[in-house]
Every structure is written in structure tokens, then in C-alpha cells.
Amino acid sequence: MLVLDTIRKAQEVLGQLKGKETIALVPTMGCLHEGHLELVRLAQKHSQKVVVSIFVNPLQFGANEDFDKYPRTLESDVEKLKSVGVQYLFYPNVHDLYPDGFSNQVQVGELGNRLCGRFRPGHFNGVATVCLKLFEICRADLAVFGEKDFQQLQVIRNLVRDFNLPLSILSCPTIRENDGLAMSSRNRYLSQKERELAGVVPKTLRRLRDELGTYPSATVYDLLATARKSLSGIEVQYAEITEGANLKTAAEEALISDLTSPRFFLAVKIGNTRLIDNMSLKELR
Ligand code: AMP
């Protein structure tokens with residue numbers, strides 16, 4: 001695996017491949033787990049060369065968030081990437097991506113203010129900005145994102161559409177632990193006690209799935225009431241059901257069966273750790 005640790009090196013090496021072989025990019029912040037590796041496998045199915053980027057992007061962290069303590073585990077990340085046959089690791093530093101004088105950012109529309117955006121102002125502008133840079137530097141023909149961060153996936157799809165970026169976006173279903181908790185680099189913040197408590201997140205998703213199986217005529221209101229009950233005692237940032245690609249809040253009285261692409265979204269805090277999850281309600285009806 002070749003490590004490209006500067007923009008210049010990445011542009012040189014990947015620029016020579018461009019047009020001869022297809023390049024897939026898997027953007028990550030490192031501290032890699034099986035979820036990231038599944039993205040890599042999907043990228044490998046669709047492309048001859050795979051570039052994984054590891055960059056903890058300061059632009060997408062708020063002032064009181066965990067940028068400084070975000071886990072950085074380069075050595076074991078490199079081993080994992082080698083074990084699945086990744087050809088290139090792009091590992092730039094902050095100053096290289098954001099040199100003095102850096103001043104332009106992507107402004108994400110309304111979608112960026114919904115769900116996580118309400119609690120993380122500016123977050124999706126930071127995500128879109130770094131992804132635009134990564135796509136361009138790596139000359140990617142396609143990029144792979146996880147449905148675990150579904151709002152981010154939609155922000156990126158809109159970015160590609162609105163700026164006519166010459167790449168395709170693929171998505172990978174959420175990879176979960178045995179009890180159903182979505183894998184996340186942030187899970188390692190959880191103490192043993194908190195990890196047990198975090199089981200309430202997949203349990204809530206299961207309850208909604210069961211309810212829809214039993215009562216196909218359930219409304220948005222019914223499912224949210226079930227979610228709230230399941231989450232009692234937990235700090236909930238939001239529990240919402242959305243409709244459509246732009247993740248608009250669905251009307252409470254709507255029947256799930258009448259919606260075209262209903263999706264349930266959840267963000268909770270367990271201790272100081274913020275956990276998010278989501279699932280489509282479409283296939284469950
Ligand atoms: P991160 O390193 O957390 O920024 O994530 C990098 C990419 O991996 C994003 O596209 C995430 O959506 C994706 N990802 C993270 N966790 C999972 C998971 N459990 N299953 C699938 N994809 C994931």
C-alpha cells in the first residue's frame with residue numbers, strides 16, 4: 001500500500017492513473033472498523049484502484065466537540081487497510097488541506113440544517129467542503145459513503161448533483177455489532193456501563209420494525225410515541241421520521257404506508273458520547 005501523505009504526492013500518483021484505471025475513494029476519519037472495511041470492499045467491486053483517505057477534518061467539528069480527542073490510530077488503520085488490499089492511503093495534514101488564507105467553503109442548503117444540523121451548526125458545510133477537496137485531489141471516479149450517516153450521504157449526493165462533479169456516489173448499508181449497535185469510531189468512548197445502555201438504540205429500531213410488521217396502518221405519530229417510550233430515561237437529541245431525499249419531517253398524521261421513502265432517524269447522548277442511527281421504513285410496510 002502506498003501512503004500519499006501530501007496533496008502534491010496524491011495528485012502526482014493518482015493523476016497518472018486517471019483515464020487508465022478507475023479510482024474509487026473511501027473518505028474516513030480513521031480509527032477504522034469493519035464498517036469502513038465494508039465500504040472498501042464495495043469500492044473494490046466497482047473500481048480498479050481504491051484510495052482510502054484518513055483525515056480528521058477540523059471544519060466539521062464545533063467548538064465544544066471532540067476534535068482534539070477524536071481517536072487517532074494510524075498504525076492499526078494501516079494494518080487493516082493492507083489486510084483488505086487497499087492500494088493507496090491518502091493521509092494529508094491539516095495545514096496541507098487548509099493552508100493560511102484558506103477562505104472558501106461549500107454552503108449546504110436547507111438539508112444541512114435538519115436533523116444533526118440543528119445540533120451541529122456548520123457541520124455539513126465542513127463535510128461538503130472537505131469532500132469536494134478530496135474528490136478533486138484524488139481524481140475519483142466514484143466515492144463510497146455509509147448509510148450509517150444517511151444525512152451526510154444525501155448532502156454529498158446533492159453536492160455532486162449541484163456542482164456537476166464527474167463522479168458517482170455509492171452507499172453501503174450500516175454494519176452493526178452483535179447486539180445491533182451501529183459500528184462507530186466513537187463507540188470506544190463508551191464505558192462498559194454506557195455500552196450496555198447504548199443497546200437501547202438498536203432496541204428502539206427493532207421495536208419500530210416490529211410495530212410496523214404488526215400494524216401496517218401505523219402513523220408517524222404512533223411510531224414516534226413507541227420510540228419515545230423505548231427511549232425513556234435517555235437523553236434524546238432528536239427522533240424523527242422523514243420523507244424524501246431531502247429528509248423533510250413527515251407529518252405526524254401521515255400513514256407510513258402512504259409515504260414514498262419514510263426513514264427513521266435518531267440521535268442520543270449516552271454520557272458524553274453522541275450516537276446516531278437511522279433505518280428505512282419502506283421495506284418494513
Ligand atoms: P467516519 O470515519 O466515521 O467519518 O466514517 C467514514 C465513512 O464510513 C462514512 O461514509 C460513514 O458513513 C461510514 N461508516 C461509518 N460507520 C459505518 C458503519 N457502521 N456501517 C457502514 N458505514 C459506516
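Counting starts at 1 for both ligands and their atoms, following the listed order.
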Do NZ/NE/NH1/NH2 and the carboxylate oxygens of [X] and [Y] come within less than 4.0 Å?
| X | Y | value |
| --- | --- | --- |
| Lys18 | Asp141 | yes |
| Asp210 | Arg206 | no |
| Arg41 | Glu34 | yes |
| Lys248 | Glu243 | no |

Exercise for review: Assess Lys133 against Phe55: is NZ or CZ under 6.0 Å from the centre of the six-membered ring, and within 45 degrees of the ring's axis?
Suggested key: no
Review point. Has Arg72 got its NZ or CZ under 6.0 Å from the middle of the six-membered ring of Phe67, at an angle within 45 degrees of the ring axis?
Key: yes
Check your understanding: Which of these passes side chain to side chain contact (heavy atoms under 4.5 Å, CB included) with Leu266: Leu231, Leu275, Val200?
Key -> Leu231
[X], portion touching ligand 1 at heavy-atom distance under 4.0 Å:
| X | result |
| --- | --- |
| Ser184 | neither |
| Met183 | both |
| Glu147 | neither |

Check your understanding: Is the closest side-chain heavy-atom distance between Leu39 and Phe145 below 4.5 Å?
Key -> no
Review point. Within a strict 4.5 Å, meaning less than it, do heavy atoms of the Ile276 and Lys148 side chains meet?
Key: yes
Which atoms of ligand 1 are found less than 4.0 Å from any heavy atom of [X]?
| X | value |
| --- | --- |
| Asp149 | 11 (C), 12 (O) |
| Pro27 | 6 (C), 7 (C) |
| Gly146 | 9 (C), 10 (O), 11 (C), 12 (O), 13 (C), 22 (N) |
| Phe145 | 10 (O) |
| Thr174 | 20 (N), 21 (C) |

Who's the nearest protein heavy-atom neighbour of [atom], and how far?
| atom | value |
| --- | --- |
| atom 20 (N) of ligand 1 | Ile175 N, 2.9 Å |
| atom 23 (C) of ligand 1 | Lys148 CB, 4.0 Å |
| atom 21 (C) of ligand 1 | Pro173 O, 3.6 Å |
| atom 15 (C) of ligand 1 | His33 CE1, 3.9 Å |

Study note, to complete from the structure: Of Met29, Arg176, Glu177, Gln152, the residue with the heavy atom nearest atom 9 (C) of ligand 1 is Gln152
Revision key, fill the gap. Of Leu181, Ile156, Val26, Leu39, the one whose closest heavy atom lies nearest atom 13 (C) of ligand 1 is Leu39
Review point. Backbone or side chain, does any N or O of Cys172 fall under 3.5 Å from an N or O of ligand 1?
Key: no
**Study point:** Distance in Å, Thr129 OG1 paired with Phe102 CZ, rounded so as to fall on 0.5 Å steps
**Key:** 6.0 Å
Check your understanding: Does Cys31 have a non-hydrogen atom less than 4.0 Å from ligand 1?
Key -> no
Review point. Does ligand 1 have an atom that lies less than 4.0 angstrom from a heavy atom of His36?
Key: yes
Point to revise | Check against salt bridge (Lys or Arg N to Asp or Glu O under 4.0 Å), Asp179 and Arg195 | key: CA-CA 11 Å; Asp179 70 340; Arg195 174 64 186 80; 2.9 Å; yes
